[in-house]
Amino acid sequence: MTEVLMRLEGARKAFGGLVAVNDVSFDVRRGEIMGLIGPNGSGKTTTMNLISGAFGMDRGRIELDGETISGLPANRVARKGVARTFQLLRLIEDMTVTENVVVGMAFRPGQRWNEEMVARSRDYLEIVGLADKAGMEAAKLTYIDQKRLELARALAMEPKVLLLDEWLAGLNSTELLSGIEIIRAIRARGTTIIMVEHVMSAIHSLCDRCVVMNAGAKIAEGTPATVLTDPLVVEAYLGEPHHA
Ligand SMILES: Nc1ncnc2c1ncn2[C@@H]1O[C@H](COP(=O)(O)OP(=O)(O)OP(=O)(O)O)[C@@H](O)[C@H]1O
Ligand SMILES: [Mg+2]
């Protein structure tokens, strides 16, 4: 389980004078759940945006499965096997649950809408616990169900790497446990996951390793137990009150 699936090398992104991601490098191993953590504004979402190709990098390189993906537009990165959920949900509200999932599949090469895709969407809805609401309009879903749907849509791309940006934020304690089980089930299917998260219990129970960011830079890397007791991390992140 030590094979590197994704590698960031010296990734940098500035917005005007603000360096949001400052020379960040890390490896993601095939099959692992990697946590990307740190205080508000430390550059986590921007790092995810660099990986997904939403933003171009100023410097550095990102490699997926031996291929360079940095510099490609987001739709090409998606086709190479990177899928994401957004910190702010982005569903097509007047479409049904099933239709939203099928839209996710349309990113796969050479595919058109067909009955097989509708059938397959059901598998993804089952993984996220939404199969019983397949025909419902997305706008009518509760908040957690919208999050489930966004995840099903990302799974429909059969990604090599799934990027979750605070997917567990805003869930109550029961929903949180169910959310953790869903993420675990996705990894068990063989999907590698990078998750940005502030919920400590989820980081402890899910992540094999964490990268900790502060003010755009990587300040620590290791198992949750190691990094979360690192004095540098405690000072930069855990000592301060934070909010999702
Ligand atoms: N599109 C943008 N234009 C200008 N500045 C931006 C943009 N996106 C992010 N930033 C800035 O870059 C810095 C890092 O933001 P980012 O969203 O990556 O933080 P984050 O670690 O995800 O924080 P949070 O935990 O609050 O979600 C912040 O100072 C933010 O204001
Ligand atoms: Mg963020």
Side-chain angles (χ1 to χ4, degrees), residues 6 8-26 28 33-62 69-75 77-78 82-91 143-144 146-147 150-151 153-154 159 161-171 175-176 179-180 183 193-204 206-207 209-222 224 227-228 230 232-244:
M6 178 177 281
L8 265 77
E9 282 174 0
R12 181 191 158 97
K13 177 72 184 178
F15 299 107
L18 176 89
V19 184
V21 176
N22 194 357
D23 198 20
V24 169
S25 303
F26 58 80
V28 184
I33 300 181
M34 208 205 72
L36 190 53
I37 65 177
N40 294 119
S42 55
K44 305 178 300 293
T45 295
T46 304
T47 301
M48 297 289 239
N49 281 328
L50 296 180
I51 295 171
S52 71
F55 296 157
M57 293 197 291
D58 303 335
R59 267 210 305 268
R61 206 167 76 89
I62 302 175
I69 57 165
S70 42
L72 298 179
N75 63 334
V77 174
V82 179
R84 68 180 304 184
T85 62
F86 290 88
Q87 190 170 354
L88 301 170
L89 302 176
R90 297 189 182 180
L91 295 169
Y143 178 67
I144 175 157
Q146 290 188 18
K147 291 196 133 189
E150 219 202 16
L151 186 51
R153 194 168 59 170
V161 179
L162 175 65
L163 309 178
L164 301 177
D165 196 351
E166 300 198 32
W167 189 73
L168 296 165
L171 304 186
E175 293 165 346
L176 181 62
I180 287 172
I183 293 173
I193 295 171
I194 305 177
M195 56 186 278
V196 169
E197 198 49 72
H198 287 293
V199 181
M200 284 298 145
S201 61
I203 294 163
H204 274 292
L206 285 171
C207 298
R209 291 187 312 125
C210 293
V211 163
V212 188
M213 294 184 70
N214 187 38
K218 180 174 92 171
I219 59 165
E221 178 173 4
V227 297
L228 295 174
D230 182 330
L232 205 60
V233 175
V234 172
E235 191 193 348
Y237 182 31
L238 303 170
E240 297 285 316
H242 60 266
H243 51 88

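Indexing begins at 1, ligand by ligand and atom by atom, following the structure's order. Since the model is a prediction, treat every value here as computed from it, not as a measurement.
- A side-chain contact (heavy atoms from CB on, under 4.5 Å) with K147 holds for exactly one of T85, L171, L164; it is L171.
- At least one N/O/S atom of T45, from backbone or side chain, sits under 2.8 Å from the Mg ion (ligand 2).
- By heavy-atom distance, the residue among E166, E197, K13, K44 lying nearest atom 20 (P) of ligand 1 is K44.
- The side-chain heavy atoms of N49 and K13, taken from C-beta on, include no pair separated by under 4.5 Å.
- M48 does not count as a contact of ligand 1, since none of its heavy atoms falls under 4.0 Å from the ligand.
- At least one N/O-N/O distance between N40 and ligand 1 falls below 3.5 Å.
- Judged by the shortest distance from any of its heavy atoms, M213 lies outside the 4.0 Å radius around the atoms of ligand 1.
- Atoms of ligand 1 lying under 4.0 Å from any heavy atom of T46, numbered from 1 in the order shown and given with element: 9 (C), 14 (C), 15 (O), 16 (P), 18 (O).
- Remark: ligand 1 and G43 share an N or O pair separated by less than 3.5 Å (distance only, no angle test).
- Of the heavy atoms in L18, only side-chain atoms (C-beta onward) come closer than 4.0 Å to ligand 1.
- Contact of the I219 side chain with the D230 side chain is not registered, since no non-hydrogen atoms from C-beta on lie closer than 4.5 Å.
- Listed by number with element, the atoms of ligand 1 under 4.0 angstrom from any heavy atom of H198 are 25 (O).
- Contact check for P39 versus N214: side-chain heavy atoms found under the 4.5 Å cut-off.
- With a 4.5 Å cut-off on side-chain heavy atoms, L206 and I193 do not count as touching.
- With ligand atoms numbered from 1 in the order given, ligand 1 contributes 12 (O), 13 (C) to contacts under 4.0 Å with heavy atoms of A20.
- By the salt bridge (Lys or Arg N to Asp or Glu O under 4.0 Å) test, K218 is found to be paired with E221, residues two or more places apart in sequence or in another chain being considered.
- Taking F55 as the reference, F15 meet the ring-ring contact (aromatic ring centres under 6.0 Å, His included) condition, with sequence neighbours excluded.
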